[in-house]
Novice: 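Here it is, the structure, as structure tokens.
Note that the structure is a prediction, hence the values are computed from the model and not measured. In what follows, chains are A, B, ... by sequence order, proteins preceding strands, each numbered from 1.
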Amino acid sequence: MKISIPKGTKDILPGEIEKYKYIQKVYANLLENFGFKQIRFPVFEHTELFQRGVGDTTDIVQKEMYTFKDKAGRSITLRPEGTASVVRSYIENGMSSYPQPIKLYYDITAYRYENVQKGRYREFNQLGAEVLGSDSPNADVEILNMLNYFFSKLGVQGLKLHVNSIGCKVCRTKYNEMLKEFFADKLDNMCEDCKQRYIKNPMRLIDCKQEKCSVISKDAPMLIDNLCDSCKEHFENVIRGLDEMNTPYIINKRIVRGLDYYVRTVFEFIAEGIGAQDTVCAGGRYDGLVEELGGTDTPGIGFAMGLERLISTLEKSGFVLPYEKNPVIFIAYIGEKAYKVARKIANELRINGIYCEIDINDRSLKAQLKFADKKNALYNVVLGENEIDTNKAIIKNMSTQEIKEVSIDSITKRIIENKI
RNA sequence: GUGGGUAUAGCUCAGUUGGUUAGAGCGCUAGGUUGUGGCCCUAGAGGCCAAGGGUUCGAAUCCCUUUAUUCACCCCA
């Protein structure tokens, strides 16, 4: 029986991995300019962290977690996202005594047990960041502005920022009552899911995609029109800040995030044409989460983006991501004696930071040069008895066909100094 | 959890109304007279035709079951 890769996972091979590395590098550099420091946290945590952090009523916790018992019988879960872990770490390491606010970014894999489709995997890569200890709308604006710059720097096209405010506990309680009132006599004409939502989370009635439901909910009151004074002021400041920073956005009253911890500002960067799963990046404010997880009342805001979705979007934009590195020089040889010299030169180049290829399978000259061609080597040099005896060899530029005779002793120096 | 598509070589795919040793292109390996690659030519390796069962003289092909995979719904990055 052949062993195959588990469902929803994939190998990232040479040719593909370079895209990940490139994006991760651009991301890390930019985030650090904005004052973020990297954090790493475990792939698995106590299940309770996600139950409390992400929320017991969410789909993620109810049906999508990779949960198992360890040998001591503790319930362990593979992280389905990063925010809960960062907040746990913030509390556990006493980061509230660091200069505030705390800005952290991360680069992780995450795990969700879901049915696979385009843009959705069971193991996927996320780039994320969190700002803890600021309830200022300036934090919201800074993050959105940074993300907007990040995507434009990468050359992403067709990605739009949708923002909304879903209020705080106070305005949401009031709003849920308004919604219940509005839907009370219309519920009979709505789908089964919506009947459940009516009881458990009325806010989600708004973003049901079923036609019969969306027709009804079209005229429902919107939370953004019913915010309390302080939430309203916060949102207005965010919008003003975006305008002042020339960050384009769309106010999308229907954005209601699926994680329990969000309050006030929520947002998504939505792509066109990459399949049904088109949210490349999403996030929002979570002012109650630190307290919920046992810390002192600390506001927070963060986001996560799906690297696989981002790469799809980039490729849709026609952007050519960096490919494998090509060797600077291929050193071919004929015979044992020449190999020993060639090997020393190759080693010298390699420890001096030059990507150099040499055959180790004792193959014919023709096979060696074919290999050099396939690897797109910039130069090649052939060493045989004659060359060793006369200390002269020919370096050839494989694309221009240019050749140059040089002394074997000088090859290393010439390549390193780029003087050929 | 629900519904649809697909499954033949490493990859992309042919394979007739069921009929002998299962095919192509690309890729891989080795050669094309002693030491310069790409183009071209030749040869080779590589398949339990996803698995199991059934129909039949005979199944890659028809039927059933299972598995994998993929797309979509729900929801999410």
Side-chain angles (χ1 to χ4, degrees), chain A residues 1-10 13 15 54 57-65 79-83 108-128 191-194 196-197 201 204 207-211 213 255-259 267-271 274-283 302-313 330-335 338 357 359 361 363-388 393-399 401-403:
Chain A
M1 192 64 159
K2 200 163 68 176
I3 298 173
S4 59
I5 197 166
K7 189 188 187 81
T9 65
K10 64 173 179 176
L13 304 178
V54 178
T57 66
T58 60
D59 279 15
I60 291 178
V61 170
Q62 284 188 345
K63 52 185 200 190
E64 295 170 4
M65 295 209 300
R79 60 187 175 209
E81 54 111 56
T83 303
I108 60 171
T109 52
Y111 303 84
R112 289 184 203 170
Y113 193 90
E114 297 181 86
N115 276 340
V116 176
Q117 69 187 76
K118 196 172 176 62
R120 188 167 64 195
Y121 312 98
R122 289 185 173 180
E123 178 184 65
F124 57 101
N125 285 273
Q126 276 192 337
L127 299 176
C191 71
E192 284 308 309
D193 285 340
C194 280
Q196 285 300 310
R197 290 184 183 121
N201 193 355
R204 299 220 64 124
D207 72 342
C208 182
K209 275 123 197 155
Q210 293 226 7
E211 174 120 29
C213 301
I255 294 229
V256 180
R257 313 255 47 251
L259 282 64
F267 58 88
E268 295 186 16
F269 284 84
I270 299 174
I274 59 165
Q277 307 307 316
D278 56 4
T279 301
V280 170
C281 174
F303 64 87
M305 71 181 89
L307 213 28
E308 285 78 11
R309 290 182 189 177
L310 177 57
I311 290 171
S312 298
T313 312
F330 182 91
I331 301 181
Y333 59 88
I334 302 151
E357 286 277 10
D359 177 65
N361 274 358
R363 291 192 288 190
S364 69
L365 181 65
K366 177 170 178 160
Q368 291 183 48
L369 290 165
K370 269 192 170 177
F371 184 82
D373 184 54
K374 281 173 198 146
K375 289 283 177 180
N376 282 313
L378 185 53
Y379 297 100
N380 77 44
V381 60
V382 178
L383 302 182
E385 296 269 342
N386 291 344
E387 284 80 2
I388 306 297
I394 289 170
I395 290 184
K396 178 173 176 181
N397 181 316
M398 292 188 77
S399 49
Q401 315 291 321
E402 247 178 290
I403 57 170

Novice: On RNA chain B, check which nucleotide each of A/Asn125 and A/Asn386 is closest to and give me the residue with the more 5' one.
Specialist: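 The residue closer to the strand's 5' end, by nearest nucleotide, is A/Asn386.
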Novice: On a whole-Å scale, what distance lies between the C1' atoms belonging to B/U16 and B/C39?
Specialist: 36 Å
Novice: Applying side chain to side chain donor-acceptor pair (under 3.5 Å), name anything that partners A/Ser312, two or more places apart in sequence or on another chain.
Specialist: none
Novice: Name the closest nucleotide to the A/Thr279 side chain, picking from B/G37, B/G35, B/A77.
Specialist: B/A77
Novice: Using OP1 and OP2 only, check whether a side-chain N or O of A/Gln117 sits under 4.0 Å from B/C73.
Specialist: yes
Novice: What side-chain donor-acceptor pairs closer than 3.5 Å can you find for residues 368-376 of chain A, not counting sequence neighbours?
Specialist:
unit_1: A/Gln368; atom_1: OE1; unit_2: A/Tyr333; atom_2: N; d: 3.1
unit_1: A/Gln368; atom_1: NE2; unit_2: A/Tyr333; atom_2: O; d: 3.0
unit_1: A/Gln368; atom_1: NE2; unit_2: A/Arg363; atom_2: O; d: 2.9

Novice: Which is more 5' along RNA chain B, the nucleotide nearest A/Lys63 or the one nearest A/Met305? Just name the residue.
Specialist: A/Lys63
Novice: What distance, rounded to whole Å, do you find between the two P atoms, one in B/A51 and one in B/U61?
Specialist: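 Between the two P atoms, the distance is 10 Å.
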Novice: Please tabulate, one pair per line, each protein N/O and nucleotide N/O from nucleotides 26-33 of chain B that are separated by under 3.5 Å, including the distance.
Specialist:
unit_1: B/U29; atom_1: OP1; unit_2: A/Arg363; atom_2: NH1; d: 3.2
unit_1: B/G32; atom_1: N7; unit_2: A/Lys366; atom_2: NZ; d: 3.0
unit_1: B/G32; atom_1: O6; unit_2: A/Lys366; atom_2: NZ; d: 2.9

Novice: How far, in whole Å, is B/A50 from B/C41 if one measures between their C1' atoms?
Specialist: 37 Å
Novice: Can you tell which of B/A77, B/G37, B/G35 lies closest to the side chain of A/Glu387?
Specialist: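 Output: B/G35.
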Novice: Can you list the residues that meet the salt bridge (charged side-chain N to carboxylate O under 4.0 Å, His left out) rule with A/Asp278, with sequence neighbours excluded?
Specialist: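 Once residues adjacent in sequence are excluded, A/Asp278 has no partner under the salt bridge (charged side-chain N to carboxylate O under 4.0 Å, His left out) criterion.
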Novice: How close do A/Val381 and A/Ala393 get, counting heavy atoms only, and between which atoms?
Specialist: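 Between these two residues, the closest heavy atoms are CG2-CB, 3.8 Å.
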Novice: How far, in whole Å, is B/U33 from B/G27 if one measures between their C1' atoms?
Specialist: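 B/G27 and B/U33 have their C1' atoms separated by 28 Å.
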Novice: Under 3.5 Å, is there a donor-acceptor pair between the side chain of A/Arg79 and the main chain of A/Thr109?
Specialist: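 Checking the backbone N and O of A/Thr109 against the side chain of A/Arg79, a donor-acceptor pair under 3.5 Å is found.
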Novice: Output the single nucleotide from B/U36, B/G37, B/A72 whose closest atom is nearest the side chain of A/Leu365.
Specialist: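 Among the listed nucleotides, the one closest to the side chain of A/Leu365 is B/U36.
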Novice: Which nucleotide wins on minimum distance to the side chain of A/Val382, given the candidates B/C73, B/G35, B/G37?
Specialist: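 The nucleotide sitting nearest to the side chain is B/G35.
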Novice: Starting at the 5' end of nucleotides 44-51 of chain B, put B wherever the base has a protein heavy atom under 4.0 Å, S where only the sugar-phosphate does, and a dash everywhere else.
Specialist: --------
Novice: My validator wants the stems of RNA chain B: runs of 3 or more consecutive Watson-Crick or G-U pairs, both distances under 3.5 Å, written as range with range.
Specialist: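 In RNA chain B, stems of three or more pairs: B:1-7 with B:67-73, B:10-13 with B:23-26, B:28-32 with B:40-44, B:50-54 with B:62-66.
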Novice: Could you go step by step and tell me if A/Asp59 and A/Glu64 meet the side chain to side chain contact (heavy atoms under 4.5 Å, CB included) rule?
Specialist: CA-CA 7 Å; A/Asp59 279 15; A/Glu64 295 170 4; 3.9 Å; yes
Novice: To the side chain of A/Gln401, which of B/G37, B/U70, B/C73 is closest?
Specialist: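 Shortest atom-to-atom distance from the side chain points to B/G37.
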Novice: Under 4.0 Å, heavy atoms only, any strand: does A/Gly128 hit a base, just the sugar-phosphate, or nothing?
Specialist: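 A/Gly128: no heavy atom of the nucleic acid under 4.0 Å.
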Novice: Taking only residues two or more places apart in sequence or in another chain, which ones pass side chain to side chain donor-acceptor pair (under 3.5 Å) with A/Lys7?
Specialist: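 In terms of side chain to side chain donor-acceptor pair (under 3.5 Å), with neighbours along the sequence ignored, A/Lys7 is linked to no residue.
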Novice: Between protein and nucleic acid, restricted to nucleotides 2-7 of chain B and to nitrogen or oxygen atoms under 3.5 Å apart, what atom pairs and distances do you find?
Specialist:
unit_1: B/U2; atom_1: O4; unit_2: A/Asn115; atom_2: ND2; d: 2.8

Novice: Of all residues at least two apart in sequence or in a different chain, which pass the side-chain contact (heavy atoms from CB on, under 4.5 Å) check with A/Ile5?
Specialist: A/Thr9, A/Asp11
Novice: Might you work through the side chain to side chain contact (heavy atoms under 4.5 Å, CB included) test for A/Ile270 and A/Val280, ending with a clear yes or no?
Specialist: CA-CA 6 Å; A/Ile270 299 174; A/Val280 170; over 6 Å; no
Novice: Give the table of side-chain donor-acceptor pairs shorter than 3.5 Å for residues 118-127 of chain A, with sequence neighbours excluded, one pair per line with atom names and distance.
Specialist:
unit_1: A/Arg120; atom_1: NE; unit_2: A/Asn115; atom_2: O; d: 3.3
unit_1: A/Arg120; atom_1: NH1; unit_2: A/Glu114; atom_2: OE1; d: 3.4
unit_1: A/Arg120; atom_1: NH2; unit_2: A/Asn115; atom_2: O; d: 3.2
unit_1: A/Arg120; atom_1: NH2; unit_2: A/Gln117; atom_2: OE1; d: 3.0
unit_1: A/Arg122; atom_1: NE; unit_2: A/Glu114; atom_2: O; d: 2.7
unit_1: A/Arg122; atom_1: NH2; unit_2: A/Glu114; atom_2: O; d: 3.2
unit_1: A/Glu123; atom_1: OE2; unit_2: A/Tyr111; atom_2: OH; d: 2.7
unit_1: A/Asn125; atom_1: ND2; unit_2: A/Glu308; atom_2: OE2; d: 2.9

Novice: Using the test ring pair (Phe, Tyr, Trp, His ring centres under 6.0 Å), find all partners of A/Phe267 that sit at least two apart in sequence or belong to another chain.
Specialist: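 None.
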Novice: Name all residues meeting the side chain to side chain donor-acceptor pair (under 3.5 Å) criterion together with A/Thr57; count only those two or more places apart in sequence or in a different chain, and write none if there are none.
Specialist: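 If we apply the side chain to side chain donor-acceptor pair (under 3.5 Å) test to A/Thr57, skipping adjacent residues, the hits are A/Asp260.
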Novice: Rounded to whole angstrom, note down the C1' distance from B/G15 over to B/G47.
Specialist: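 Each nucleotide's C1' atom is 14 Å from the other's.
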Novice: For residues A/Met305 and A/Leu310, report the shortest heavy-atom separation together with the two atoms involved.
Specialist: SD-CD2, 3.9 Å
Novice: Counting distance alone, no hydrogens or angles: does the base of B/G35 have a donor or acceptor under 3.5 Å from a partner atom on the side chain of A/Glu385?
Specialist: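 No.
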Novice: Under 4.0 angstrom, heavy atoms only, what part of the nucleic acid is A/Lys396 near: base, sugar-phosphate, or nothing?
Specialist: base
Novice: A/Leu383 vs A/Ile331, test: side chain to side chain contact (heavy atoms under 4.5 Å, CB included). Steps then yes/no.
Specialist: CA-CA 8 Å; A/Leu383 302 182; A/Ile331 301 181; 4.1 Å; yes
Novice: For A/Asn380 and A/Ile395: C-alpha separation, side-chain torsions, deciding distance, then whether side chain to side chain contact (heavy atoms under 4.5 Å, CB included) applies.
Specialist: CA-CA 6 Å; A/Asn380 77 44; A/Ile395 290 184; over 6 Å; no
